[in-house]
Structures are given as C-alpha cells and as structure tokens.
Amino acid sequence: MNNKQIVKVLEDIADFLELKGENVFKIRAYQKAARSIEQSSVELEQLVNEDRLKEVSGVGEAIAKKITELVTTGKLEYFEKLKAEFPPGISTLLEIPGIGPKTAMLLSNELGINSIEELEKAILEGKVAQLPRMGEKTAENILRHLQAVRHKDQRIPLGDAVNVVDGIFTRLRVIPGVKNLTPAGSLRRFKETVGDIDLIGTADNAETVIDSFVSLPMVREVLARGLTKASVIVTRGLQVDLRIVEHEAFGSLLQHFTGSKQHNIDLRERARRQGLSLSEYGITDIDTGKMETFLSEVAFYKRLGLQYIPPEIREGTDEIEKAAHGTIPRLVEISDIKGELHVHSDWSDGRDTIESMVTEAKDHGYEYICISDHSVGRGIARGLNHERLEQQIQEINRIKQRIDGIQILTGMEVDIRADGSLDMPDEILERLDIVTASIHSGMEQTQEKITARIIKALENPNIDILAHPTGRLMPKREAMDIDMEAVFQTALRTGTVLEINAMPDRLDLKDTYIYRARQLGVALVINTDSHTTEHLSLIRFGVGTARRGWCEAKDILNTRPLHEIMKYIKSKGRQR
DNA sequence: GCCGTTTTCGGCCCGACTGTTTTCAGTCG
C-alpha cells in the first residue's frame, strides 16, 4: 500500500467521523496526519519496517497502529466498521462545496439521498428546500455548485493558473486606490497544481475594489461578496478569491492568505503558547487585547521569534521548528542559475534557430547553454540521425565564432528505448559535451521493467543527465510507475545528474522526490527543456519547485560555473 | 487523536460570508 492510498483512507476516516459528529479535534488529527503524509518524501512502508512511523508529525500511537495494519494486511478493520455505519455513497455529497457533514446527514436521513444524482433530482422536485434550516436559496446554491463540480476540471496546472492571474491583474491594477496586488495561496507556494486562486491586496476603500472585481468581464458568476472579500468563478470553472485589507496590515494578510492551512494552524498554535493570537489583521496580545500590525511578512515572523520562512516550504512539516532554531537554509534563487543545459532548436522539434536560442540565453545573463536536440528515435520530433548531428556540430562551431560572451555546448537528448538501450551509438555520444537521456515511449511498462530500463541508462558512462525522470504531463499523463528509491541510489552511485524539468506541465522531478534526492546527495540540475526562446523564462517554475524540495544553490549543478560542471561530468571519480 | 522551554492532562487557529435566523449554525479557506 503506497502513501497515496494511505492518505485516502485517513481522509475517508475523517469524513466519516465528521458525519458521525465526532470530536472535531479527533477529526482534525486524522486530517493533519493525512496532510503530513502527503508531504512525506519517504514511502511509509519503509518507515513501518524500520518502526519509525511516529517520526511523521501528526502521527501518534493510534494512527501509527492503523497505518501499520494497512501496510501489512492491506486493510483496516476500524475503517471497514466505520464505513459500514453509513449508507454507501453518502460521503460523495461532501465533495459539493456548501455541503458539510450536517447537511449531508440531513439529506441522507430525511430524504434518503446518497448520491449526487439523487440530490439533483430532489432539489429539482423542491424537496430539499422544505427541509428544516434549508430554504429556496440554499437549495438553489447547492444545485449550482453541484452542476459546477461536474464540469470543473479539478485542480489546474500551475502554469495555466499563472496565465489566468495575469489576465485578472492587468484589469485590477487600474482600479484607483488599490495597492499591493499579489497572488497568494498555493500559487505563491509554487504548488504544482492549484485548486483555486487567491488574490490579495490593500486599498483605501476595500468596497470599491470588491465592486470592480466582481464585475470584471471574465467573471462568470459571483459566489460570495462581502465588504472586504469576494469569491467568483471565471473561465474553466476556476474559483478566484480576492481579499482586501488596509495598507498597514499587508504583512499579516499576505502571510495569512499564503498558507498553507496546516502551516498557519501550526504557527497559531505556537503563537498561542506565547500568549499571542494571529489573524490576517495582525498579532494580538491575548492578555492586553492590543493588536500590532505588520507591513511585511519578515516583520511578522520576526515578532514571533522566527526566521523568515519562504512560501514554498510553508507546508506544515517541520519548517516552524527549523525557523525557531534559525536553521532554515537560503534556498536557491533564479539569480543563482548560471546557464541552461537542455534546450531544443529548429533542428528537431524546437521553433527557433540555435542562434536565437543562444542569443536569448545570453540576454538572460547566462554564462552557458547546451543545445540538446532529440535523437533519431523521436521521429515525430524530427530527431537527429548521425549525419544531421554531424552537421549540427559544425553549425554550432560556426555560431561559436559569431557569438561571444556565452559558452555553447553540443549535446543531445537521447531516447531510452523500451529495452533500456539508447538510440545513438556510444562512439557518437562520447564526442558530445553533455548527453541527456529520457524516455518518450513505452511508458506503460511494469515498475520492474521501467526501473531496470532507467537504471541501465544511468549506468551508461556516456549519459550525464536523466531528463524529466518520471515522464508525467499534467493534467493528462500520470508519472510512470518507477521505484524512485532505486533510481536515486543508482544516480548516487553513478554520479548521474537528475533533471528538475521546469516546464509547468512537467515539474519533473516533483517536489517530494527532489526533497528525497537532495537528502541523499543526488546531483540535480534545473532545465527548462525550452522549445522556443520564450520558454527560457519558465526557469522560475523549476526554481520554485526546487525550493519546495528545500534545495540550496549548492544542490543545483547549474548554479555553478561551466568549468566546475564539466569537471564534475567528466570526473573519473564517478563509478559507473 | 496528538502533543508539551508554562502542561503526560487539558488543551487544541481564526475570521468571513450566507441564509434562515430573532442571535446563530454551517461552511469555507
């Protein structure tokens, strides 16, 4: 049983306990444990074997026992019994926004409703509105949400969300009196997908900003609208929340709305022990009732005796404890990146010429760039065969004469075939500066096969980098089924570099894998895999993801000057 | 159910909005 499945069971337990009306703190304990496991970079099965489950924050005696039962037997008796107490399907009602445990139980008990379809029918027949504490308006709202859930494409990739925000911001910025307009929430934390978009700002008069916001042309529907806060639905069923406070409270507002939820709960619990109460408006002394406001997040954290915590690692793991001890590292920044080792040109499936890619990289302030077009196996991408690669090497040599101020490397993204062999002979690869390998086909193989295939490629001394290691494409293609721990161990042994692919629909390696790889000391590189000149600026998504994995500059190969990279790559110390 | 530079027992984040209410419950983030 993997982490994802365990998380699901814990979440379901929390749902059923809610329906049952159990102690809210017990429910919260299950939810906290689930969130915590979701963030974990280690498979719990491993921890069970080593009897280290209770090292996971939020996992105590009782939950550890339940996880152990799940892992060893594949089932949990407590859960099965709990589930049996309710009509099947009732928990699906909780997926509809606006329906909580009380409403779900009411619908089930009074009207026998246990599915979304039954609910819709009952609303249309006017039965729901007649229930106690319901009414026409509530029934109508539930119906609306129910239909929205059906059409909404769940969480959207980070890159898409950023585009939506850009569209909204261009229009909101022109509203008079609005300041500090900033995306917060999971977007600011660079989470790979976002469920909704949180925007915040400050204003002299919040109400006028809210008014303008709800009447923006892209707004399809207004869900809620108060004096300082509004929620709307824009294209693709995406929910956007805007919250406005007064200028002097911006620091605490930004902190509050950035989350994560678990980070804020942990932070507030800690503050409470210090006799302080936190809110989006500021920090209140519980005894005196006096509130301080904060212009910046740095000041806010400082008041709590904490080092500043970057948004990307505010996930409620152990960041607050580290901040209290002053041991939050300086995470890698975009300005640390000195070059790019994986870009394509119009020689294969890229749009732009080698020369324009190089010029663009130079404009980014990069010291080096490696041209790595596809190999012949990727016929659809116009992959290069021997002769064309030979011609490309000569072309790159000519460009080197014309452009100075940036070092140009010759590379290739070689296809790892279904049997783990490469579709370019070693004697050719030996001549290239940097060779990247990746899988583009046969991604449905068994875990055993794929893992063996990747390990074989990593063991080839000519392969320097493994690109987009898990092959996922959000939202449509899942990661390949790989034993990542085995891949990390092999990369460590062979010295092969693993890529953090910055393309917003890839972000591959993902954050938790990065965390684990870094912990083990695996070499990492952040590449954009650019196919156009514009793509080079997507590096920020790769850096954000690396930061979520707690990477410092020293963990990332392309923060180093080229001669150091080449020294590493060609080093004899690597045992292959 | 978890957890501890005030506690191994007694606490457990905080506020906004909506709708159906005569003062608040339910839900959300």
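All values reported here derive from a predicted model rather than from experimental measurement. Order of the sequence lines fixes the chain letters, A, B, ..., with proteins taken first and strands second; residue numbering starts at 1 for each chain.
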A:R133 CZ - B:dT18 C1' separation (whole Å):
11 Å
For the side chain of A:D196, starting at C-beta, report the closest nucleotide among B:dT18, B:dG29, B:dC13.
B:dG29
Take the angle between the ring planes of A:Y513 and A:F488 and call it parallel below 30°, perpendicular above 60°, tilted in between.
perpendicular
For B:dC13, does either OP1 or OP2 sit under 4.0 Å from a side-chain N or O belonging to A:R28?
yes
When the C1' atoms of B:dC3 and B:dT7 are considered, how many whole Å apart are they?
10 Å
Using a cut-off of 4.0 Å on non-hydrogen atoms, how would the nucleic acid contact of A:L267 be classed: base, sugar-phosphate, or nothing?
nothing
Just the rounded figure in Å: distance from P of B:dG29 to CD1 of A:I99.
14 Å
Can you work out whether A:E280 or A:P132 has the more 5'-proximal nearest nucleotide on DNA chain B?
A:E280
Interatomic distance, A:K229 NZ vs B:dC14 C1' [rounded to whole Å]
11 Å
A:Q519 and A:R516: side-chain donor and acceptor closer than 3.5 Å?
yes
Do any side-chain nitrogens or oxygens of A:T228 fall under 4.0 Å of OP1 or OP2 in B:dA16?
no
Nearest-Å distance for atom pair CD/C1', residues A:Q239 and B:dA16
13 Å
Apply the syn/anti split at 90° from 0 to B:dT7 and say which one it is.
syn
Kindly assign one of parallel, tilted or perpendicular to the pair A:Y30 and A:Y78, based on the angle between their ring planes and the thresholds 30° and 60°.
parallel
Mark yes when over 12 heavy atoms from residues, nucleotides or ligands other than A:E80 sit less than 6.0 Å from its CD; otherwise mark no.
yes
Could you check how far CD1 of A:I96 sits from P of B:dG26, rounded to whole Å?
18 Å
A:S279 vs B:dC13: side-chain N/O to OP1/OP2 distance below 4.0 Å:
no
If pairing requires Watson-Crick or G-U wobble contacts with both distances under 3.5 Å, which nucleotide is the partner of B:dT8?
none
Quick one: label A:I142 by what it contacts on the DNA or RNA (base, sugar-phosphate, nothing), any heavy atom closer than 4.0 Å.
nothing
Residue pairs passing the side-chain hydrogen bond (donor to acceptor under 3.5 Å, both in side chains) test where at least one lies in residues 271-283 of chain A, sequence neighbours excluded
A:R243-A:E280, A:R243-A:Y281
Please report the distance separating the P of B:dC17 from the corresponding atom of B:dT22, rounded so that it comes out in whole Å.
22 Å
Proximal nucleotide (of B:dA16, B:dG19, B:dC13) relative to the A:K137 side chain:
B:dG19
Which nucleotides of nucleotides 1-10 of chain B have their base under 4.0 Å from a protein heavy atom (B), which only their sugar-phosphate (S), and which neither (-), written as one string 5' to 3'?
BSS--B----
Distance below 4.0 Å between A:N264 side-chain N/O and B:dG29 OP1 or OP2:
no
Judged by nearest nucleotide, the residue sitting upstream toward the 5' end of DNA chain B, A:K261 or A:M134, is A:M134
With sequence neighbours excluded, what pairs up with A:E246 under the side-chain contact (heavy atoms from CB on, under 4.5 Å) test?
A:E248
Flag the pair A:R35 and A:E11 as a salt bridge only when some basic side-chain nitrogen lies within less than 4.0 angstrom of an acidic carboxylate oxygen.
yes
Using the C1' atom as the reference point in each nucleotide, state the distance between B:dG1 and B:dT8 in Å, no decimals.
14 Å
Length of the line joining A:R35:CZ and B:dG29:C1', which is rounded to integer Å
13 Å
Please confirm whether the shortest side-chain N or O distance from A:Y281 to OP1 or OP2 of B:dC13 is below 4.0 Å.
no
Taking the same atom, P, in B:dG26 and in B:dT21, what whole-Å distance lies between them?
13 Å
Could you work out the separation of B:dT6 and B:dG15 based on their P atoms and round it to a whole Å?
23 Å
Should the pair A:D505-A:R472 be classified as a salt bridge under the 4.0 Å nitrogen-to-oxygen rule?
no
Using a 4.0 Å heavy-atom cut-off across all strands, classify A:F257 as base, sugar-phosphate, or nothing.
nothing
Could you give the CG-to-C1' distance, from A:L19 to B:dG26, as a whole number of Å?
14 Å
On a whole-Å scale, what distance lies between the P atoms belonging to B:dT20 and B:dT27?
14 Å
With rounding to whole Å, what would you report as the distance between B:dC13 and B:dC2 at their P atoms?
16 Å
Between the side chains of A:K191 and A:E315, is the shortest nitrogen-to-carboxylate-oxygen separation below 4.0 Å, so that they form an ion pair?
no
Please measure how far the C1' atom in B:dT18 lies from the corresponding atom in B:dT23, and state the result in whole Å.
15 Å
CG of A:D241 versus C1' of B:dA16: gap in Å, rounded?
11 Å
